[in-house]
Protein chains: 2
Amino acid sequence: MTMPKRDTYTPDSLLAVAVEVFNERGYDGTSMEHLSQAAGISKSSIYHHVRGKEELLHRAVGRALEGLFGILDESGATTGRAVDRLEYVTRRTADVLVEELPYVTLLLRVRGNTGTERWAMERRREFDQRVAALLKAAVAEGDLRADVEPRLATRLLFGMINSVVEWYRPDGRGTAQAEQLADAVVRLAFDGLRIQR
Amino acid sequence: MTMPKRDTYTPDSLLAVAVEVFNERGYDGTSMEHLSQAAGISKSSIYHHVRGKEELLHRAVGRALEGLFGILDESGATTGRAVDRLEYVTRRTADVLVEELPYVTLLLRVRGNTGTERWAMERRREFDQRVAALLKAAVAEGDLRADVEPRLATRLLFGMINSVVEWYRPDGRGTAQAEQLADAVVRLAFDGLRIQR
DNA sequence: GTCTATACCGTGATAGAC
DNA sequence: GTCTATCACGGTATAGAC
């Protein structure tokens, strides 16, 4: 149904270009001129596809948020012991980061200058809180250490996972690479760097 | 020697104001007009103290880098088993993040649009490589797990530590709070979330 | 669907009075 | 050391031809 090769832009194909530039230069550091050069069309042509720069941002972060919240509805996140659900969410978050890398990257860098940015930050907070609740439940069930406050632990956990967008680059090995990454994240987050004695 | 209360700005006191605004709005999202309002002086007055916006950025990230590289020269980072040196660097990095929070925050968000930003990114990479070497040595000495590649482990470790700038806010408990944070980071990074069996 | 031309405003920075 | 006034430029966005 969707045409595989097309010379003209759709809002989505234009979005893909724009998000790359946003990530390279920062949203505020990107002008419509930069976007037009990257897309190979004039500035004004961009306005034929989207209402403006902020709409591009909105579409991008919306897509990222969809991916993340989708995880919480999967059966692995809703059934079983809390610790297993948390591990599932951790692994799947790493997956989504890789699958939707440019979109999630943009989401994680949003600062709050515009309405769209504040909306994105708000929804991100919601997601974090849902996971924090999961982690707290796993502590209560006696599976996770209780000597680190759940909110703090959640933040450090996500700090580790989210940092992936700062350096991960696909190398062509596809799913294998992503799975290896998710494995490493889960190992370090749950069992730490040290060799278990 | 330094006057505790002064009505007029020095480059450093102006820097402190500017860095707050940069962190709130992003460097590119901050105009000289924003800075002048935050400082309570006119745009042109700012140019009496610094050459321009980029000099403020340079001073800020320079200060952050000084703090980080200073750690690597401390005796705790140069003597003893590699695993202990790594733990020392981890703990002290958390300290420096807290002590120099706004400056390090800015450093970690730099994107590479200007010469100053590219210089900062380069120096940051140097720091990361120094720590990666330490982690690799600890694996070789048999103290850290070998089933996660050292570069990957270093990145995830710093992802966790550096995320502190995204949410940490001093609460008046001073050193006690910072120490608690460093403890949590070291515990999670080295021994993980899971209760050790 | 893309272009050229243009409106209009905010930007970083400077000149020179006080 | 701070101000007002001003500059040249680049920003987002629109109008209208093709």
Side-chain angles (χ1 to χ4, degrees), chain A residues 2-61 106 110-118, chain B residues 2-61 106 110-118:
Chain A
T2 56
M3 45 220 75
K5 189 165 188 182
R6 193 74 179 84
D7 211 352
T8 186
Y9 280 109
T10 64
D12 268 11
S13 67
L14 182 62
L15 179 61
V17 174
V19 169
E20 293 297 331
V21 185
F22 286 157
N23 284 330
E24 203 170 306
R25 311 190 53 92
Y27 176 71
D28 285 319
T30 302
S31 70
M32 295 303 275
E33 178 67 30
H34 291 135
L35 293 183
S36 83
Q37 280 168 17
I41 59 177
S42 73
K43 276 192 289 182
S44 50
S45 294
I46 296 177
Y47 290 92
H48 179 76
H49 302 285
V50 292
R51 302 174 72 93
K53 197 176 147 182
E54 195 172 350
E55 180 176 321
L56 287 165
L57 180 64
H58 191 96
R59 283 170 182 268
V61 296
L106 199 52
V110 134
R111 298 252 44 89
N113 293 338
T114 67
T116 296
E117 295 180 70
R118 287 185 289 274
Chain B
T2 55
M3 46 219 74
K5 187 161 188 186
R6 192 76 179 86
D7 211 354
T8 186
Y9 281 108
T10 64
D12 268 11
S13 67
L14 182 60
L15 179 62
V17 174
V19 169
E20 294 295 331
V21 185
F22 286 157
N23 283 330
E24 204 169 306
R25 309 189 55 91
Y27 177 71
D28 285 320
T30 302
S31 71
M32 294 303 274
E33 178 67 30
H34 291 134
L35 293 183
S36 84
Q37 280 168 15
I41 59 178
S42 71
K43 272 195 294 180
S44 51
S45 295
I46 295 177
Y47 290 91
H48 179 78
H49 303 285
V50 292
R51 302 174 73 93
K53 196 176 150 184
E54 194 172 352
E55 180 175 322
L56 287 165
L57 179 64
H58 191 97
R59 283 171 182 266
V61 296
L106 199 51
V110 135
R111 299 251 46 89
N113 293 339
T114 66
T116 296
E117 295 178 70
R118 287 186 289 275

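A note on names: the letters A, B, ... follow the listed sequences, proteins ahead of strands, and every chain is numbered from 1. Source: prediction; values computed, not measured.
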Specify the separation, in whole Å, of atom [atom1] of [X] and atom [atom2] of [N].
X	N	atom1	atom2	answer
E33(B)	dC9(D)	CD	P	21 Å
Y47(A)	dT4(C)	OH	P	16 Å
E55(A)	dT14(D)	CD	P	12 Å
D28(B)	dG12(C)	CG	C1'	13 Å
I46(B)	dG12(C)	CD1	P	9 Å
Q37(A)	dG10(D)	CD	C1'	13 Å
I41(A)	dT4(C)	CD1	P	12 Å
L57(A)	dT12(D)	CG	P	13 Å

Do we get K53(A) above Y47(A)'s six-membered ring, with its NZ or CZ under 6.0 Å from the centre and within 45° of the axis?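 Because its charged atom misses either the 6.0 Å distance or the 45° angle limit, K53(A) does not stack over Y47(A).
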
Taking 4.0 Å as the cut-off, does a side-chain nitrogen or oxygen of [X] come that near to OP1 or OP2 on [N]?
X	N	answer
S42(B)	dT4(D)	no
H48(A)	dT2(C)	no
H34(A)	dG10(D)	no

From C-beta outward on [X], which listed nucleotide comes closest to its side chain: [options]?
X	options	result
S45(A)	dC3(C), dT12(D), dC3(D)	dC3(C)
K53(A)	dT14(D), dT12(D), dT11(C)	dT12(D)
S44(B)	dT2(D), dC3(C), dT14(C)	dT14(C)

H34(A) side chain to S31(A) side chain, donor-acceptor N/O pair below 3.5 angstrom: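 Judged by distance alone, the side chains do pair up.
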
From V19(B), V110(B), L56(B), residue fulfilling side-chain contact (heavy atoms from CB on, under 4.5 Å) relative to V61(B):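 Filter result, single survivor: V110(B).
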
Describe the nucleic acid contact of S31(A) in one word from base, sugar-phosphate, nothing, applying a heavy-atom distance below 4.0 Å.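 Result for S31(A) = sugar-phosphate.
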
Looking at every strand, decide which applies to T30(A) at a 4.0 Å heavy-atom threshold: base, sugar-phosphate, or nothing.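 Sugar-phosphate, no base atom in range.
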
Given side chains that start at C-beta, do those of T10(A) and H49(A) come closer than 4.5 Å, heavy atoms only?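 Side chain of T10(A) against side chain of H49(A), heavy atoms only: no contact under 4.5 Å found.
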
Should L35(B) and V17(B) count as side-chain neighbours, where that means a heavy-atom distance under 4.5 Å?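 No - every pair of side-chain heavy atoms lies 4.5 Å or more apart.
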
Contact nearer the 5' end of DNA chain D, comparing K43(B) with G40(B):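 Looking at DNA chain D, the more 5' nearest nucleotide goes with G40(B).
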
